Amino acid sequence: MALYEKYPVSISNSLSGNKELFVPAKAPFVGLYSCGPTVYNEVHLGNLRTFTSFDVVFRYLTHIGYKVRYVRNITDAGHLTNDAGVGVDRIEESAKLEQLEPMEIVQKYTTSFHDVCRIFNVLPPSIEPTATGHIVEQIDMVKKILSNGYAYEVNGSVYFDVRKYNETHHYGELSGRNIDELLEGTRELDRQDEKRNAIDFAIWKAVSPNHIQRWNSPWGEGIPGWHLECSAMGTKYLGDQFDIHGGGMDLKFPHHECEIAQNVGALGKSPVRYWMHTNMLTVNGEKMSKSKGNSFLPRELFAGSHPLLAKAYSPMAVRFFMLQSHYSSTLDFSNEALSAAEKGFKKLSNALTTIKSLNHPGNGNDDATLAADLKRMVGECYQTMSDDFNTAKTLAVLFEMSSRINDFKSGNLKFAAVSASTFEEFKNTYIAMMEDVLGIKDEESHNQELMDGVINVLIGLRKKARTDKNFALSDKIRDELKALGVQLMDGKDGEMNYTIE
RNA sequence: GGUCUCAUGGCCGAGUGGCUAGGCAGAGCUCUGCAAAAGCUCCUACAGCGGUUCGAAUCCGCUUGAGACCUCCA
């Protein structure tokens with residue numbers, strides 16, 4: 001019996017607004033798509049929260065036995081800022097500012113994005129397609145939408161006819177918009193537009209000859225519409241209809257709404273069975289966003305080099321911080337909260353190191369109460385994760401487990417009171433939840449082995465000093481290491497451990 | 001203006017009708033040469049006012065406050 005059968009997953013589906021039992025179309029295969037970054041500058045912490053959320057979804061579904069194909073795109077084609085055509089192409093604008101070729105910009109920030117992902121232990125997706133690599137597919141999709149009568153061409157641009165679409169379908173089903181209200185709200189802005197209605201959106205946009213990024217198409221030179229790439233690439237790699245599509249809440253409208261319309265318009269089928277939307281990271285109660293200027297970069301975070309930051313925070317502490325809240329809640333950033341998270345993370349991390357070194361001697365029988373307790377925690381890890389990926393609850397269980405781990409270490413709990421198999425299950429679950437599912441790993445420091453060797457030499461000296469009752473010297477060794485950020489800890493048996501701040 | 005969401009103890013945050021998470025901070029105890037780490041104990045909250053119910057943080061209404069989307073954003 002696969003874990004996913006034992007602990008069935010439920011997901012809050014943005015489309016229905018309800019928490020639903022997750023039943024993949026073709027179990028054990030799962031198609032998962034999430035909107036990746038537009039690589040025209042560096043991703044900020046808010047972006048990272050979303051990527052981390054879906055990283056955990058990917059990790060957990062995989063862990064419980066699903067064969068997940070996870071597609072996360074890179075947006076590297078220019079997107080016009082607004083439909084009126086007076087906006088700027090963000091990638092091209094960056095290129096001009098930095099005096100680089102557009103693809104240089106793309107390359108630079110894609111690399112930067114990957115670096116950040118690696119540092120935050122966000123796994124690479126199964127497929128990471130780029131918009132520029134799928135121009136053909138996008139043009140093909142425009143053709144289909146045109147031939148199905150849901151789009152029209154004007155001066156080399158192709159627009160999706162929302163009103164026409166809405167006659168037979170429901171534009172706004174995902175975001176709860178009412179098309180009449182949308183039309184009303186935008187009527188006054190509707191000048192000498194090429195579009196029939198203000199809510200129509202471009203699926204192919206003609207550009208002027210001096211535009212650097214442009215591609216040939218049946219309608220002339222231009223660029224694909226803003227929403228088209230996800231439709232085209234999601235369909236290509238996951239099929240006409242796939243299981244989960246995720247992204248930040250701010251993409252719900254219009255991006256995801258348009259995506260649905262495009263897919264239905266081209267293929268006659270709603271593309272996604274379960275929509276998931278992550279909530280925003282806020283700073284002092286306000287959404288962190290590039291336009292508000294209250295965002296900071298991951299790099300600034302672990303360097304502590306931003307005015308909002310009181311100090312530097314480690315990547316794993318920040319990851320832990322994010323996982324302490326549910327993905328669908330806003331999470332407010334503050335130095336206090338991050339400092340608290342730092343300590344909590346360290347506690348779990350220490351327990352992880354500890355349990356890896358604990359091995360059951362093999363001779364023990366289950367004490368009914370203790371064994372039931374340990375098994376309960378194992379089950380709760382899975383139940384809470386299967387309950388809409390409730391990492392906050394899972395972490396609460398892991399804290400409880402970490403207390404028991406320390407009990408085994410200190411001898412408060414005896415190995416004799418638990419069978420080897422029960423202990424192994426407990427141990428394996430803790431390690432798997434931490435490392436495989438939540439992606440919380442030990443912080444790596446440079447020259448780890450060398451450091452370890454050097455500190456062990458000093459530990460040897462301190463042991464000698466203590467044996468000789470030369471406490472002045474033993475304290476000096478400990479205090480001076482402490483000043484450097486290395487904390488020595490004496491065990492009952494005379495052994496010493498250390499942690500690095 | 002339209003649509004919608006949220007308001008939890010000193011702080012951060014789970015929670016969707018009864019079993020009153022968890023972390024951080026604080027107090028105390030145990031262990032320890034002293035520390036650190038760890039274990040145990042204590043601190044019991046749900047914006048306000050009504051209502052439904054045997055019973056509400058959880059459902060409904062109103063009030064107040066905050067925020068999001070409607071324009072690029074994860």
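Residue numbers start from 1 in every chain, and the chains themselves are labelled A, B, ... in the order their sequence lines are given, proteins ahead of strands. Predicted model, so just to flag it, every value in this text is computed and none were measured.
Counting non-hydrogen atoms under 4.0 angstrom, A:G46 reaches a base of the nucleic acid. Contact annotation for A:F471: base contact, defined as any heavy-atom pair under 4.0 Å involving a base atom. Heavy atoms of A:L331 sit under 4.0 angstrom from primed sugar atoms or phosphate atoms, though from no base atom. Note on A:D479: nothing from the nucleic acid sits closer than 4.0 angstrom, heavy atoms only. Residue contacts shown for A:K287 include a base, since a base heavy atom lies under 4.0 Å away. Contacts of A:K292 with the nucleic acid, taken as non-hydrogen atoms under 4.0 Å apart, involve only primed sugar atoms and P, OP1 or OP2. Residue A:H44 is classed as a base contact, given a heavy-atom separation below 4.0 Å to a base. Among the protein residues, A:L488 comes within range of the nucleic acid bases, having at least one heavy atom under 4.0 Å from a base atom. The residue A:S325 sits close only to the backbone: its heavy atoms come under 4.0 Å of sugar-phosphate atoms, none of a base. Residue A:D475 is classed as a base contact, given a heavy-atom separation below 4.0 Å to a base. Across all strands shown, A:G36 has heavy atoms under 4.0 Å from sugar-phosphate atoms exclusively, and none from any base.
Searching all strands for a Watson-Crick or G-U wobble partner of B:G33 with both distances below 3.5 Å returns nothing. When Watson-Crick and G-U wobble pairs are counted only if both distances are under 3.5 Å, B:U5 pairs with B:A66. Of the nucleotides present, none pairs with B:C43 by Watson-Crick or G-U wobble criteria with both distances under 3.5 Å. Using Watson-Crick or G-U wobble geometry with both donor-acceptor distances under 3.5 Å, B:U20 finds no partner in any strand shown.
Remark: A:R404 is in phosphate contact with B:C40, judged by side-chain N or O atoms under 4.0 Å from OP1 or OP2. A sub-4.0 Å separation between OP1 or OP2 of B:A25 and a side-chain N or O of A:K343 is present. Within the structure, a side-chain polar atom (N or O) of A:N406 is placed less than 4.0 Å from OP1 or OP2 of B:G39. A:N178 has no side-chain polar atom (N or O) that falls below the 4.0 Å cut-off from OP1 or OP2 of B:U3. Distances shown here put every side-chain N or O of A:T282 at or beyond 4.0 Å from the OP1 or OP2 atom of B:G67. Side-chain N/O atoms of A:S403 include one lying less than 4.0 angstrom from OP1 or OP2 on B:G39. Put simply, A:K409 has no side-chain N or O that comes within less than 4.0 Å of OP1 or OP2 on B:G39.
In A:K469, the NZ atom is not crowded: 12 or fewer heavy atoms of neighbouring residues, nucleotides or ligands sit closer than 6.0 Å.
Which of B:A14, B:C70, B:G33 sits closest to the side chain of A:R462 comes down to B:G33. In the set B:A14, B:G33, B:C70, B:C70 carries the atom at the smallest distance from any side-chain atom of A:F253.
Here, B:C59 and B:A37 have their C1' atoms 47 Å apart, quoted to the whole Å.
Using a 30° and 60° split on the angle between ring planes, A:Y33 and A:H245 fall in the tilted class, from 30° to 60°.
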>> Would A:F242 and A:Y237 count as a ring pair (Phe, Tyr, Trp, His ring centres under 6.0 Å) here? Give the steps.
In response: CA-CA 10 Å; A:F242 53 91; A:Y237 297 112; over 10 Å; no
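At least one test fails for A:R319 against the ring of A:F120: distance under 6.0 Å to the centre or angle within 45° of the axis. With A:Y159 as the aromatic partner, A:R196 does not meet the cation-pi criteria of under 6.0 angstrom to the ring centre and within 45 degrees of the ring axis.
With RNA chain B read from its 5' end, the first of the two nearest nucleotides for A:G344 and A:S175 is the one closest to A:S175.
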